[in-house]
Amino acid sequence: MNRIVVVGGGPVGLTFAICAAQTMSNTEFVLLERAPAQMALTDLVDEPVYDNRVYALSPQSIALLEDIDVWSGLPSGRVTPIDEMRVAGDADNVDADNIATAAGVVLPSIRFVRGAALAHIVEHHQLVAALNRVLAGTDVVVKYGTTLDAMTVNGSRRVLALTDGTRLEADLVVAADGRQSAVRKLAGIDAHVKDYASVGIVANFTCEMPHANIARQWFTPDGVLAYLPLPKQQVSIVWSVAHAHAATLPQRDSPDFADAAATAGHHSLGRLTLSSSVEEIPLKRITAHRVVAPALALIGDAAHAIHPLAGQGVNLGFADVQSLVDLLASRSEFSAVGDLTVLRRYARARSEAAVAMGEATDCLHALFSRNDNVSKWVRRAGFSWFDRSTWAKRVATEYAARS
């Protein structure tokens with residue numbers, strides 16, 4: 001019998017374990033999760049405070065969660081559809097809710113509408129709880145409170161020394177342990193790191209005015225601000241700003257910070273009141289030089305962590321899951337699960353999407369980090385052309401929905 005060891009019990013690792021266990025026969029699955037069981041298995045269905053870490057799940061990601069019976073397990077009152085997205089340029093001139101004019105010039109703004117929900121916003125803790133409930137109904141063996149201490153190769157298998165003192169042999173190790181992946185480092189796989197010299201500030205706010213299930217995003221030289229709709233007239237913000245600008249913002253738990261977030265969003269939802277803790281995450285793009293090796297595959301942020309302005313990180317990870325499971329399940333009966341030939345097909349299948357999304361976000365970040373006249377003209381011209389182009393908006397919307 002084959003043994004696959006999944007390292008990392010976040011959304012991508014859990015989804016892989018469930019999907020593979022439901023799809024593949026004659027295979028034993030072990031999942032390693034660093035958090036203790038009491039933390040990993042906490043059920044937060046009735047938690048009154050909304051998690052400040054949220055995901056904008058694409059239709060393709062939702063379809064995957066439906067296939068493995070996870071989506072129906074999410075409490076409907078904690079899931080919010082994005083029916084429309086409004087993207088605006090230079091914040092000192094643009095209101096994301098209105099295509100306004102100044103000095104006779106139409107200000108740049110883009111509206112995305114798909115006919116169906118563009119995405120759905122789900123809290124991290126709620127998604128992990130729903131995944132763990134489904135995982136409990138599978139034969140996956142979960143080892144909580146432990147992870148890898150060392151990893152060696154023995155023939156075609158990997159030998160794992162765990163921090164709890166035990167040893168495991170695996171025909172395939174699937175690394176889903178995030179952007180600082182210990183598995184990647186133990187395998188000797190280097191990664192290219194691009195430091196954006198920025199932080200992502202995340203927090204939830206109660207809004208004075210209804211958000212109408214509209215996601216709003218502003219691209220400015222000071223950074224990128226997104227308002228993502230939550231239930232109960234709340235929004236989750238992701239505010240990506242340079243370190244220097246972050247230092248000028250008010251104390252994070254003060255009313256002045258809420259006022260700053262409202263001002264940066266042009267008071268499009270009126271007054272904001274902080275309704276969660278505030279976190280700051282250093283922003284870096286991390287790209288593994290290789291995503292496969294004999295008996296090893298990287299998925300999710302362990303393979304490619306991108307800038308959050310695209311909101312596609314977890315969707316890329318779920319697409320990795322679908323691709324890897326499909327290839328493993330359909331491989332020849334003469335091919336082992338850790339066969340490098342099989343794993344290279346996964347690497348080729350996923351390289352284009354990961355590179356394209358990473359490069360696109362890099363270009364946008366570079367364009368909006370500059371404040372010279374040429375960059376301003378390019379931003380305004382680009383926004384105006386894009387909003388007029390039904391074809392371009394349709395292609396961008398459908399690509400995001402598939403990623």
Side-chain angles (χ1 to χ4, degrees), residues 10-11 42-59 61-62 65 70-88 96-97 111-114 116-131 200-218 223-240 252-253 255 257-281 308-315 318 400-401:
T42 299
D43 196 323
L44 299 172
V45 171
D46 298 319
E47 175 64 39
V49 177
Y50 281 66
D51 193 354
N52 62 15
R53 183 178 179 186
V54 302
Y55 304 113
L57 298 183
S58 69
S61 293
I62 292 170
L65 295 175
V70 170
W71 187 251
S72 61
L74 285 163
S76 59
R78 307 292 291 232
V79 178
T80 308
I82 295 178
D83 295 325
E84 182 180 337
M85 183 170 182
R86 301 179 185 178
V87 182
D97 278 309
R111 296 186 179 188
F112 294 90
V113 181
R114 190 168 169 262
L118 293 163
H120 284 73
I121 301 297
V122 178
E123 299 160 81
H124 170 80
H125 288 157
Q126 295 292 340
L127 179 57
V128 168
L131 285 162
I201 303 173
V202 295
N204 297 339
F205 294 88
T206 300
C207 317
E208 182 181 10
M209 298 163 54
H211 52 58
N213 291 352
I214 297 171
R216 297 162 170 85
Q217 192 169 33
W218 293 266
V224 182
L225 172 65
Y227 285 2
L228 303 175
L230 290 175
K232 298 183 179 179
Q233 206 159 307
Q234 296 182 91
V235 291
S236 175
I237 76 159
V238 183
W239 199 354
S240 305
R252 306 301 188 254
D253 59 355
F257 176 71
D259 291 342
T263 299
H266 295 265
H267 300 284
S268 55
L269 298 177
R271 184 175 181 178
L272 301 182
T273 304
L274 191 64
S275 59
S276 76
S277 61
V278 181
E279 294 185 33
E280 297 187 19
I281 305 165
L309 67 84
Q312 293 297 310
V314 74
N315 292 319
F318 284 154

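Contact between Ala130 and Leu74 at its shortest, heavy atoms only, is CB-CD2, 3.8 Å. Taking every heavy atom of both residues into account, Gly265 and Trp218 meet most closely at O-CZ2, 3.2 Å. When every heavy atom of Leu274 is checked against every heavy atom of Ala258, the shortest pair comes out as N-CB, 4.4 Å. Minimum interatomic distance between Cys207 and Leu269 (heavy atoms only, all atoms of both residues): SG-CD1, 3.8 Å. Contact between Gly77 and Pro231 at its shortest, heavy atoms only, is O-CG, 3.2 Å. A pairwise comparison of heavy atoms in Gly270 and Ala262 identifies O-CB, 3.9 Å as the closest pair.
Considering only residues two or more places apart in sequence or on other chains, His211 meets the ring pair (Phe, Tyr, Trp, His ring centres under 6.0 Å) condition with none of them. Among residues two or more places apart in sequence or in another chain, the side-chain hydrogen bond (donor to acceptor under 3.5 Å, both in side chains) test is passed with Thr80 by none. Partners of Asp253 under the side-chain hydrogen bond (donor to acceptor under 3.5 Å, both in side chains) rule, at least two apart in sequence or in another chain, are Gln251. Residues passing the salt bridge (Lys or Arg N to Asp or Glu O under 4.0 Å) test with Glu280, sequence neighbours excluded: Arg252. Residues forming a side-chain hydrogen bond (donor to acceptor under 3.5 Å, both in side chains) with Ser275 (at least two apart in sequence, or on another chain): Gln234. With sequence neighbours excluded, no residue satisfies side-chain hydrogen bond (donor to acceptor under 3.5 Å, both in side chains) with Tyr227.
Rounding to the nearest 0.5 Å gives a distance of 9.0 Å between OG1 of Thr273 and CZ of Phe205. Atom CG of Asn204 and atom CG of Leu272 lie 11.0 Å apart (nearest 0.5 Å). Rounding to the nearest 0.5 angstrom, the gap separating the CG atom in Leu228 from the NE2 atom in His120 is 13.5 Å. Taking NE2 of His267 as the start and CE of Met209 as the end, the distance is 11.5 Å to the nearest 0.5 Å.
Counting heavy atoms from C-beta on, the side chains of Arg78 and Tyr50 come closer than 4.5 Å. Contact check for Phe318 versus Ser58: no side-chain heavy atoms found under the 4.5 Å cut-off. Taking 4.5 Å as the limit, every side-chain heavy atom of Ser236 sits out of range of all side-chain heavy atoms of Val202.
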ask   = For Leu131 and Leu65, what are the C-alpha separation, side-chain angles and deciding distance, and is it a side-chain contact (heavy atoms from CB on, under 4.5 Å)?
value = CA-CA 9 Å; Leu131 285 162; Leu65 295 175; 4.3 Å; yes

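Of the possible polar contacts, one joining the Gln233 side chain to the Glu208 backbone as a donor-acceptor pair under 3.5 Å is found. Using a distance-only test at 3.5 Å, with no hydrogens or angles considered, a donor-acceptor pair links the side chain of Asn52 to the main chain of Ser277. Remark: the backbone N or O of Ile214 is paired with a side-chain donor or acceptor of Arg216 at under 3.5 angstrom.
Looking at Leu127, Val122, Leu57 one by one, the single match for side-chain contact (heavy atoms from CB on, under 4.5 Å) with Val79 turns out to be Val122.
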